[in-house]
Structure formats: structure tokens, C-alpha cells
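Presented below is the structure to which this report refers.
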Amino acid sequence: EYANHAKEATEAKLNFFTNISHEFRTPLTLIFGAIDELSENSRLSGGFKTQLALVRKNASRLLRMVNQLIDYRKTEVNKMKVQAVETDLVPFVREIVESFRNNARKRNIDLRFRYPGSEVQAWFDPYMMDKVFFNLLSNAFKFTGDYGRIEVSIQHSVDGKQIITEVDDNGAGVNPEEAEKIFEVFFQGNNTHNKGFGLGLPLAREFVRLHYGEL
């Protein structure tokens, strides 16, 4: 009975947030348009443009949360389809890693990317896997302190039938009790800082499962 109530409560949450997320998209699109138009004004001071960049960054974060909700709902009702193409995984992941390079430099984090000498061809949906790697790296940066270390690696399994990717860091980590719950929707750990939305990891796992993989 408790399990059914919990399932119903989660379903109600998802329905509510999914519906309201669709409504958020239009005003967010208008906000981005206004920001971009203002940013192109040559008469604005550097300080004002910096503030605009900060507004855009946070608007992007909000839009990313909105899209996560909508995407997760699609996976729940089996409406998310994999659009797979054969791609070299190395440059694909490298581009995502490099997007975090500036953040790593500012915080003196040793960010490394390790991969085999040859290319790693794989069939995957670029849209989905971009979100998977972005989420994993975001979490690594969120819970790794300044002067820390983060390494992303790609390698083949021993039998050559699988591709293994890892995001490893020397950050705070997760205690065993929380480790069992991190893939639950809306779960947030006891860490009082850098709390997320509770959807990134569950969505990433669903995307990986759709590729017949495991996270």
C-alpha cells in the first residue's frame, strides 16, 4: 500500500511538473531573445554585458531543468526514441570535456581525458549521450573541490564487445546509504551544498538503458 501511494505521489509530481514545464518554454525563449539582442548593443559597458551573460547562464540552467522533466516523462511513457548514428566516441566526448575546461582552469581542477589511441566507433543517439556525459561531468564538478582531480576515460572491455566510459573524481563521494537511492526520481542527498533537481541521474540512466547499456 505504501509503495502504491509513493508511486501515485511520484506520478502526480511528474504530471504537474511536466505540464508546467511546457508552459515555461515559451517565456524562456523570449528571455533568450531579449538577452541576445541586448548583448549585441555596442553601447553597453563590459560590466553590463557580464551581468547579461550571468542572466543567460541561469536561464540556460532553468531551460535544461525544464527539458530534463519533459525528456524523463517521455522515457516513462515510452515516447523517447533512439535516433542512433555511427559516430567516433572520442571526439564526441572530448568536445563535452573541453566545454568544462574553463571552469576547471578557474578552480584549478586537474581535468583529464584518457582514451585509446585508435578511434572508438559506436552507434548512439548524440542528443541523449550528450545529456548523459554533461550530467556526469556536472556532478563531478559540483562535488569536487578546488584543486581537485577529474578524469574521463574511454576503453574497450576485455572481450571487445562493450565500450566502458568512466567519470572519476576525488570529490566528496556518496555514502553507501545514499548510493542506493541516487537514481530515484527527485532524490537529493544530505549534502547541504550544490543540491540539484533530482532528475539528472535518473534521466541519464534511462538514456543509457535505451542504448542497452548500464549506468
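The first residue in the sequence is number 1, and the count goes up from there.
From D110, atom CG reaches atom OH of Y147 across 13.0 Å, with rounding to the nearest 0.5 Å. One finds the CD atom of E206 at 10.5 Å from the CE atom of M128 (value rounded to the nearest 0.5 Å). Here the CE atom belonging to M129 is positioned 11.0 Å from the OG1 atom belonging to T87, to the nearest 0.5 angstrom. Atom-to-atom distance recorded for D169:CG and N139:CG is 9.5 Å, nearest 0.5 angstrom. Atom NE2 of H156 is separated from atom NZ of K161 by 14.5 Å, given to the nearest 0.5 angstrom. Here the CD1 atom belonging to I150 is positioned 4.0 Å from the CZ atom belonging to F141, to the nearest 0.5 angstrom.
Scanning for side chain to side chain contact (heavy atoms under 4.5 Å, CB included) contacts around N58 gives L54, with sequence neighbours left out. Taking F133 as the reference, nothing meets the ring-ring contact (aromatic ring centres under 6.0 Å, His included) condition, with sequence neighbours excluded. Applying the ring-ring contact (aromatic ring centres under 6.0 Å, His included) test to F113 and every residue at least two apart in sequence or in another chain returns Y115. Take E166 and apply the salt bridge (charged side-chain N to carboxylate O under 4.0 Å, His left out) test, not counting sequence neighbours, and it matches no residue. Listed by chain and residue number, L28 satisfy the side chain to side chain contact (heavy atoms under 4.5 Å, CB included) test with L62 (two or more places apart in sequence, or in another chain). Every residue two or more places apart in sequence or in another chain that forms a ring-ring contact (aromatic ring centres under 6.0 Å, His included) with F124 is listed here: F92.
Taking a 6.0 Å sphere around CD of E95, one finds it holds 12 or fewer heavy atoms contributed by other residues, nucleotides or ligands. Crowding of Q121 atom CD: a count of heavy atoms from other residues, nucleotides or ligands under 6.0 Å exceeding 12. The local environment of CZ in R114 is sparse, with at most 12 non-hydrogen atoms from other residues, nucleotides or ligands closer than 6.0 Å. Around the CZ atom of F48, the shell of radius 6.0 Å holds no more than 12 heavy atoms that belong to other residues, nucleotides or ligands. Remark: E37 CD is loosely packed, at most 12 non-hydrogen atoms of other residues, nucleotides or ligands lying under 6.0 Å away.
When the options N102, D146, T144 are evaluated for a side chain to side chain donor-acceptor pair (under 3.5 Å) with R107, the one that passes is D146.
Under a hydrophobic clustering in which Ile, Leu, Val, Met, Phe, Trp and Tyr are joined whenever their side-chain heavy atoms come within less than 4.5 Å, directly or via other members, I163 and V82 fall into the same cluster. Both Y127 and I96 sit in one connected hydrophobic cluster of ILVMFWY residues. Membership requires side-chain heavy atoms under 4.5 Å apart, directly or through other members.
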Show, in sequence, the C-alpha distance, side-chain angles and deciding distance for R94 and V152, and conclude whether the side chain to side chain contact (heavy atoms under 4.5 Å, CB included) test is met. CA-CA 9 Å; R94 181 193 291 119; V152 181; over 6 Å; no
Step-by-step salt bridge (charged side-chain N to carboxylate O under 4.0 Å, His left out) determination, D125 to K81: CA-CA 9 Å; D125 185 318; K81 304 299 180 184; over 6 Å; no
Would you check, one step at a time, whether the test side chain to side chain contact (heavy atoms under 4.5 Å, CB included) holds for F100 with I109? CA-CA 10 Å; F100 286 85; I109 290 177; over 6 Å; no
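The closest side-chain heavy-atom distance from T165 to L136 is not below 4.5 Å. The shortest side-chain heavy-atom distance between E119 and V90 does not fall under the 4.5 Å cut-off.
Listed here is the closest heavy atom pair of A104 and L111: CB-CB, 3.9 Å. Nearest approach of A204 to V132, heavy atoms of both residues: O-CG2, 3.7 Å. Taking every heavy atom of both residues into account, I31 and A59 meet most closely at CG2-CB, 4.5 Å. Here the closest non-hydrogen pair linking R205 and L215 is N-CD2, 3.6 Å.
Ion pairing between R149 and D168 holds under the 4.0 Å rule for side-chain N and carboxylate O.
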